[in-house]
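The structure displayed is predicted, hence computed values, not measured ones.
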Amino acid sequence: MNQFEIREVPGKGRAMIASKNFAVNEIIFEEEPFVSHQFSWNAAYGYAACDHCMRPLETLVENVRRLANNNAVVVPLVEHDPTAAWLPQFTQCARCKVRYCSEDCLVEAQKRYHRVSCMGAFRADDTHPINVLNETWKKMHYPPETGTIMLIVRLMAMYQQSNNKPEFLEQLQSFQALIVNREQKIYHKMLGENFEEQMEKLFAAFCNAFKSEEFAMFTTPDAFKTLMGILGTNSQGIATSVLAQWVTKVSDLPLPDSEKEQLDTVIDDIYAKVGDFAGEFLNNEGSGLYILQSKINHSCVPNAQSTFPYSNDIVVLKAVAPIQQGEEICISYLDECQLERSRHSRHKILRGNYIFVCQCPKCKAQSCDPDVTSDEEEDDEDMDDCDDDDMQ
């Protein structure tokens, strides 16, 4: 039984309300995604993950050496490699060679979408419409990634393979797809002039990939914008890492203080080496749509956080502050760096991506602050300008 309820809150729409008190670090719920997929560039750069649940498919040593671009890197305590227990279970689709962490994931993928989405030998064909669509997306969305068109491709496969299409559509429509807030005159950034030409190219590639009459309801301009709205305003980032999992395991070992200090030095050295080559891109990354999690509103002072402790796509919502019965459960749609920016900068991100003006306690307390842009955002905008130049 859920320990929360979803109900309408005046001025906010639907919200998740606690039905009991939650202590810090207490689990509120766990949820498997409605759909998930690895990011396009992340997969292209060789970050090996299960095609269904995103569990890492590299051993610890393989992962560290690839990230460091150095096959001489030595990793201690490999007996605590989190991937070791899964190695015998690794498998792949016999036709397209897509890899899975277990037979269970392969069977589940086949049952839900892979029976129709399997591309067989065409997986390596750059002219295949699905690959063309993915490449079109990649040319518009360079790392760091926040979404992937392949999530929508998988949704189309789920629809095509579904034995109960009305139920599938009802679940899909439960996600917020707002791209225009007429009351507050806010528009999703995808409707801006800078994105118009890109959206047209992406829509054309999408229609070419899904020409069948079966997909006609999705291949109108408005329907495509709705799908993009679902992707843009609901997708939850997913990150899995065999290295991070190993660090957690070995850091909890009951070692003498002197050995712990040595281990900490080794861990710091490993992160320095992988950071020199891979930079901030250390994880298998993707995104997913979660029916329950998508009902949680944002706050710049969240009392809950989405975590991925199992190194797969199962989200675990934990309390990060005491939550009282009857209180709204909120997460942050912004990352830690973005949360530290000015109110003006936070609002700009939230308006452009999620179509609302935040009225959380932090934003209300800062309502008299000047509307100035954070230095970090100006740096990001400079980078965005460079990306735009690359795409022209």
- side-chain contact (heavy atoms from CB on, under 4.5 Å) assessment of Trp246 paired with Val64: CA-CA 11 Å; Trp246 173 80; Val64 169; over 6 Å; no
- Query: Taking it one step at a time, do Thr59 and Thr83 satisfy side-chain hydrogen bond (donor to acceptor under 3.5 Å, both in side chains)?
  - Reply: CA-CA 6 Å; Thr59 66; Thr83 308; over 6 Å; no
- Task: Could you walk me through whether Thr248 and Ser251 pass side-chain hydrogen bond (donor to acceptor under 3.5 Å, both in side chains), step by step?
- Result: CA-CA 5 Å; Thr248 299; Ser251 296; over 6 Å; no
- Task: Please test Met199 against Met228 for side-chain contact (heavy atoms from CB on, under 4.5 Å), starting from the C-alpha separation and ending with a verdict.
- Result: CA-CA 10 Å; Met199 284 289 288; Met228 293 297 293; 4.1 Å; yes
- Verdict with reasoning, Leu227 to Met156, per side-chain contact (heavy atoms from CB on, under 4.5 Å): CA-CA 10 Å; Leu227 287 173; Met156 296 299 97; 4.1 Å; yes
- Task: Could you check Tyr271 against Asp276 for side-chain contact (heavy atoms from CB on, under 4.5 Å), going step by step and ending with a plain yes or no?
- Result: CA-CA 8 Å; Tyr271 273 117; Asp276 285 344; over 6 Å; no
- Candidate pair Asp125 and Thr127, rule side-chain hydrogen bond (donor to acceptor under 3.5 Å, both in side chains), full reasoning: CA-CA 5 Å; Asp125 182 356; Thr127 66; 2.6 Å; yes
- Decide side-chain hydrogen bond (donor to acceptor under 3.5 Å, both in side chains) for Gln293 and Gln236; before the verdict, give the C-alpha distance in whole Å, the side-chain angles of both, and the deciding distance to 0.1 Å. CA-CA 8 Å; Gln293 194 256 11; Gln236 164 68 48; 2.5 Å; yes
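Glu214 is listed as a side-chain neighbour of Gln160, based on a closest heavy-atom distance under 4.5 Å. At a threshold of 4.5 Å between non-hydrogen side-chain atoms, the residues Gln359 and Lys364 count as touching. Looking only at side-chain heavy atoms (C-beta outward), Val315 and Glu32 stay at 4.5 Å or farther from each other. Residues Arg65 and Val61 have side chains in contact (heavy-atom distance under 4.5 Å, counting atoms from C-beta outward). By the 4.5 Å heavy-atom criterion applied to side chains, Ile323 and Phe4 are not counted as neighbours. Using a 4.5 Å cut-off on side-chain heavy atoms (C-beta onward), Gln110 and Tyr113 make no contact. Here the side chains of Tyr290 and Ile238 are in contact, with some heavy-atom distance below 4.5 Å. You'll find the side chain of Val35 reaches within 4.5 Å of the side chain of Leu151, heavy atoms only.
At least one donor-acceptor pair under 3.5 Å links the side chain of Asn297 to the backbone N or O of Arg14. Remark: the backbone N or O of Ala23 is paired with a side-chain donor or acceptor of Glu26 at under 3.5 angstrom. At least one donor-acceptor pair closer than 3.5 Å links the side chain of Thr219 to the backbone N or O of Ala216. Judged purely by atom type and a 3.5 angstrom limit, Asn131 uses its side chain to pair as donor or acceptor with the backbone of Arg123. Side chain of Asn303 to main chain of Cys330: a donor-acceptor pair is present (N/O by atom type, distance under 3.5 Å, no hydrogens or angles). Gln171 places no side-chain N or O within 3.5 Å of a backbone atom of Phe34 that could act as its donor or acceptor partner. Distance alone, capped at 3.5 Å, is enough to place a donor-acceptor pair between the Lys165 side chain and the Tyr159 backbone. No donor-acceptor pair closer than 3.5 Å links the side chain of Asp51 to the backbone N or O of Arg99. With Gln338 contributing its side chain and Asp335 its backbone, the two residues share a donor-acceptor pair below 3.5 Å. Side chain of Asn42 to backbone of Asn283: a donor-acceptor contact under 3.5 angstrom is found.
Taking every heavy atom of both residues into account, Ile28 and Ala304 meet most closely at CD1-CB, 4.0 Å. Considering all non-hydrogen atoms of both residues, Ala239 and Phe308 come closest at O-CB, 4.3 Å. Closest non-hydrogen pair, Gly286 versus Phe39, comes out as O-CZ, 3.3 Å. Here the closest non-hydrogen pair linking Asn234 and Gly229 is ND2-O, 4.1 Å.
Environment of CZ in Phe122: sparse, with no more than 12 heavy atoms of neighbouring residues, nucleotides or ligands closer than 6.0 Å. More than 12 heavy atoms of other residues, nucleotides or ligands shown are found within 6.0 angstrom of CG on Asn164. Heavy atoms from other residues, nucleotides or ligands lying under 6.0 Å from CG of Asp126 number 12 at most. Heavy atoms of other residues, nucleotides or ligands lying less than 6.0 angstrom from CD of Glu170 number 12 at most. Heavy atoms from other residues, nucleotides or ligands lying under 6.0 Å from CD of Glu213 number 12 at most. Heavy atoms of other residues, nucleotides or ligands lying less than 6.0 angstrom from CD of Gln92 number more than 12. Taking a 6.0 Å sphere around NZ of Lys249, one finds it holds more than 12 heavy atoms contributed by other residues, nucleotides or ligands.
Relative ring orientation between His141 and Trp137 is described as parallel, the plane-to-plane angle staying below 30° on a 0-90° scale split at 30° and 60°. The aromatic rings of Phe356 and His298 are tilted relative to each other, their planes meeting at an angle between 30° and 60°.
With a 6.0 Å cutoff to the six-membered ring centre and a 45° limit on the axis angle, Lys295 counts as a cation-pi contact of Phe175. Geometrically, Lys211 does not engage Phe215 in a cation-pi contact defined by less than 6.0 Å to the ring centre and at most 45° from the axis.
In summary, the aromatic rings of Phe206 and Phe224 are positioned with their centroids under 6.0 Å apart. Annotation: Trp41 is in aromatic contact with Tyr45 [ring centroid separation under 6.0 Å].
In this structure, CD in Glu340 is found 10.5 Å from CG in Leu334, a value given to the nearest 0.5 Å. In this structure, CG on Leu60 lies 10.5 Å from CD on Glu79, to the nearest 0.5 angstrom. Annotation: the span from Ser19 atom OG to Gln3 atom CD amounts to 8.0 Å, rounded to 0.5 Å. For the atom pair Ser306 OG and Glu31 CD, the distance stands at 9.5 Å (nearest 0.5 Å). To the nearest 0.5 Å, atom CG of residue Asp104 and atom CD of residue Glu108 are 8.5 Å apart. For the atom pair His52 NE2 and Ser36 OG, the distance stands at 6.5 Å (nearest 0.5 Å).
A donor-acceptor contact under 3.5 angstrom links the side chains of Arg346 and Gln366, judged on distance only. No side-chain donor-acceptor contact under 3.5 Å links Ser311 and Thr240.
Under the 4.5 Å side-chain heavy-atom criterion for Ile, Leu, Val, Met, Phe, Trp and Tyr, Phe29 and Ile6 are members of the same hydrophobic cluster.
In this structure, Arg66 does not pair ionically with Glu62, as no charged nitrogen and carboxylate oxygen lie closer than 4.0 Å. By the 4.0 Å N-to-carboxylate-O rule, Asp264 lies too far from Lys260 to be salt-bridged with it.
Of the candidates Arg112, His114, Arg115, Gln161 forms a side-chain contact (heavy atoms from CB on, under 4.5 Å) with just one, namely Arg115.
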